[in-house]
Amino acid sequence: MVFDTMRGAKVPLELLEPGRCGIYCCGPTVYDDAHIGHARAALMPDVLVRTLRARDIEVTYVRNVTDVDDKIIARAERERTTADAVAERYTARYHEDLAALGMLPPDVEPKVTEHIDDIVALCRTLEAKGLAYVRDGNLYFRVRAFPGYGALSRRNPDEMRSGARVEVDERKEDPLDFALWKAARPGEPVWDSPWGPGRPGWHIECSAMSMRYLGERFDVHAGGRDLVFPHHENEIAQSRGATCDTCFAQYWMHNGFVTFAGEKMSKSLGNFFTIREVIARYPGEAVRAFLLGVHYRSPVNFDVRVSCPSCGADLEPGAQERGTCTACGATFDPGALRAQIELPGVAEADERVAYVYRTLEGIERFFGGDVPPAEEGDVDPTVSGMRAAVDAALSDDLNTSAALAALSEPMALANRWLASGKGVPKKVRRATLARLFRDLRGQRPGDPKEGGISGLLGLFAADPGPYLRRRRDARAARMGLDVARIEQLLHERQAARAARDFEAADRLRDELRSMGVSVLDGPEGSDWTV
RNA sequence: GGCCUGGUAGCCAAGUGGUAAGGCAGAGCUCUGCAAAAGCUCUAUGCGUCGGUUCGAUUCCGACCCAGGCCUCCA
């Protein structure tokens, strides 16, 4: 089941061709670093692709890059470089960011500049069908000539006119009409066309590229909610106008928004965060887990906590803007606060991800590093039902929140049995722990087909030990701690403990604690964490 | 003004026509030289308000209130 915006309801996903699925996702316009909203928009189709591939459905996942656009041109002018250079830079950075969040690369990533011919061809078809007209070298789509306009966004073209607050372009026949091809202005990237030199309008590229790679009729078209109107509505008009009324995407899936501090974040801090900013502070997996904790259609809010640089008190938005702490009176540069913002929701998700890795590491240790393959019998039902619960959750319109919840009980059971095998048949204990590990990670952790749950969610695919150590060291570094010094104090404490000088050992523990380091005593010695 | 979402415990968040997943925080406990980790137990007679349908509604219907979004570039 999948929620289709066109039908306004959850409906069974019936593929055009059983066993195959074409998915098109509106990718970014590459004029700046991607923000968390872009991450979420990429995440929904990512989970869909993983879910389908896990079921042996052959997915063709297309996600475009829009590399010609007013904003790219503007930025290039500002930086005295070319639009190509700007687009190239931010495309590369986009790839890095998404990789850090565990996103699968699309099978095809078409760029607008490489599909001008397809776009021109589509425009010509529309013109030939009387759905487009030329004015001063611009080609416009004639909205009134397309009867189904407004179906996706539930809008009536007649009612929209009064509400239109857009500046009316006098060249258009109707204010609703939109540009398919824009006449060139000096200094802009330019391509030849039957209507003169120019470049594509905004919506046409997605029509051209999706149909180019997926055919005139394909299964799913995904994107952010804000694209429903006008972008997707216009795509439908262009595409169906050029082909047929039932052509183009059969299902429309839209993800909800991302807000920060309920939208009302301090202006001095900016109202959005880039992916890079966030993953500089938290593991990519924590961000992904946080996002997956909320159903994709609901809005997700990042709580933001800003504390005073000198006294540590929480700063209200007003205090943030003024640069004065209401608690201690300290003054500071509001801009500098950005670097020390905390995102409690992500921090919580980070802990949760670490918990799973700790459990996984525990299972590895239990088996002496080599977890046996999953066995069929003798597995506790709490664990044997886990995978099915995850599958069921994902089947229900990608309910990742429920999928994540399905891991809780099995994890608790594992930790209980890791700590003690009391009252549990040895065979059951071993089989259950092995099964949990295998169902979670499969043969190839993270792989949609062979990676078990990790391949479905794109989570928990790293090697537990190294993941945990990396996380710890990164946290220590952020706190300004010297790892070598910590290790040395730990060493001294070990010596004290060995000599049964617990007073000295506790003193050292306290010293470490004052640095923010927790000492962990285990059967095989002591470790630390922050 | 039009259209669309959503209002579930201190916080985050699933979900259902038959009496509320999960997480965080909190309390108690187990384990531990201490601590951490981990585990166990407890924590919403109630799911915005008011009506209606029903044997029974948080779940369906209606009205209202509130919040957010879209109608203009936007993931």
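Values below: every heavy atom of this structure, side chains too, minus hydrogens, waters and symmetry copies. For clarity, every value in this text was computed on a predicted model and none was experimentally measured. Reminder, nothing fancy here: chain letters follow the sequence lines and each chain counts from 1.
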So if I apply the side chain to side chain contact (heavy atoms under 4.5 Å, CB included) rule between Phe302(A) and each of Val346(A), Ile341(A), Thr259(A), which one comes out positive?
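Among Val346(A), Ile341(A), Thr259(A), the one meeting side chain to side chain contact (heavy atoms under 4.5 Å, CB included) with Phe302(A) is Val346(A).
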What does [N] pair with, Watson-Crick or G-U, if both distances are under 3.5 Å?
{"N": "A38(B)", "answer": "U30(B)"}
{"N": "U53(B)", "answer": "none"}
{"N": "U16(B)", "answer": "none"}
{"N": "U43(B)", "answer": "none"}
{"N": "U72(B)", "answer": "none"}
{"N": "A21(B)", "answer": "none"}
{"N": "G6(B)", "answer": "C66(B)"}

Remember a base hit wins even if backbone is also touched, and classify [X] as base, sugar-phosphate or nothing at under 4.0 Å, heavy atoms.
{"X": "Gly224(A)", "answer": "sugar-phosphate"}
{"X": "Gly345(A)", "answer": "nothing"}
{"X": "Arg352(A)", "answer": "sugar-phosphate"}
{"X": "Asp226(A)", "answer": "base"}
{"X": "Ala412(A)", "answer": "sugar-phosphate"}
{"X": "Ser408(A)", "answer": "sugar-phosphate"}
{"X": "Arg358(A)", "answer": "sugar-phosphate"}
{"X": "Ala41(A)", "answer": "sugar-phosphate"}
{"X": "Thr529(A)", "answer": "nothing"}

Identify the pairs formed between an N or O of the protein and an N or O of nucleotides 27-32 of chain B at a distance under 3.5 Å, and give each distance.
none

Aromatic ring pairing His254(A)/His232(A), orientation class (parallel under 30°, perpendicular over 60°, tilted between):
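Rings of His254(A) and His232(A): tilted, 30 to 60°.
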Kindly assign one of parallel, tilted or perpendicular to the pair His38(A) and Tyr94(A), based on the angle between their ring planes and the thresholds 30° and 60°.
perpendicular
Rounded to whole angstroms, how far apart are [atom1] on [X] and [atom2] on [N]?
{"X": "Arg507(A)", "N": "G33(B)", "atom1": "CZ", "atom2": "C1'", "result": "16 Å"}
{"X": "Arg365(A)", "N": "A38(B)", "atom1": "CZ", "atom2": "P", "result": "12 Å"}
{"X": "Glu342(A)", "N": "C11(B)", "atom1": "CD", "atom2": "P", "result": "20 Å"}
{"X": "Leu407(A)", "N": "A14(B)", "atom1": "CG", "atom2": "P", "result": "16 Å"}
{"X": "Phe229(A)", "N": "G69(B)", "atom1": "CZ", "atom2": "C1'", "result": "15 Å"}

Is it true that atom CZ of Arg7(A) has more than 12 heavy atoms of other residues, nucleotides or ligands lying nearer than 6.0 Å?
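Check passes, neighbour count above 12.
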Over 12 foreign heavy atoms within 6.0 Å of CD, Glu487(A):
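Yes, because the 6.0 Å sphere around CD of Glu487(A) holds more than 12 heavy atoms from other groups.
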In chain order, what residues pass the side chain to side chain donor-acceptor pair (under 3.5 Å) check against Ser153(A), with sequence neighbours excluded?
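Per chain and number, Ser153(A) pairs via side chain to side chain donor-acceptor pair (under 3.5 Å) with Arg155(A), Glu233(A).
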Taking only side-chain N and O atoms of Tyr357(A), does any of them lie within less than 4.0 angstrom of OP1 or OP2 on A37(B)?
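Answer no for this pair, as no side-chain N or O of Tyr357(A) is under 4.0 Å from OP1 or OP2.
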Between G33(B) and Asp506(A), counting only base atoms on the nucleotide and side-chain atoms on the residue, is there a donor-acceptor pair under 3.5 Å?
yes
Is there, by distance only and without an angle test, a donor paired with an acceptor across the side chain of Arg493(A) and the base of G33(B) below 3.5 Å?
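Answer yes: a donor N or O sits under 3.5 Å from an acceptor.
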What interatomic distance, in whole Å, is found between [atom1] of [M] and the corresponding atom of [N]?
{"N": "A27(B)", "M": "C70(B)", "atom1": "C1'", "result": "45 Å"}
{"N": "C64(B)", "M": "C4(B)", "atom1": "P", "result": "14 Å"}
{"N": "G6(B)", "M": "G15(B)", "atom1": "C1'", "result": "15 Å"}

Any residue in residues 287-296 of chain A with a heavy atom nearer than 4.0 angstrom to RNA chain B? Just list them by number, or reply none.
Gly293(A), Val294(A), His295(A)
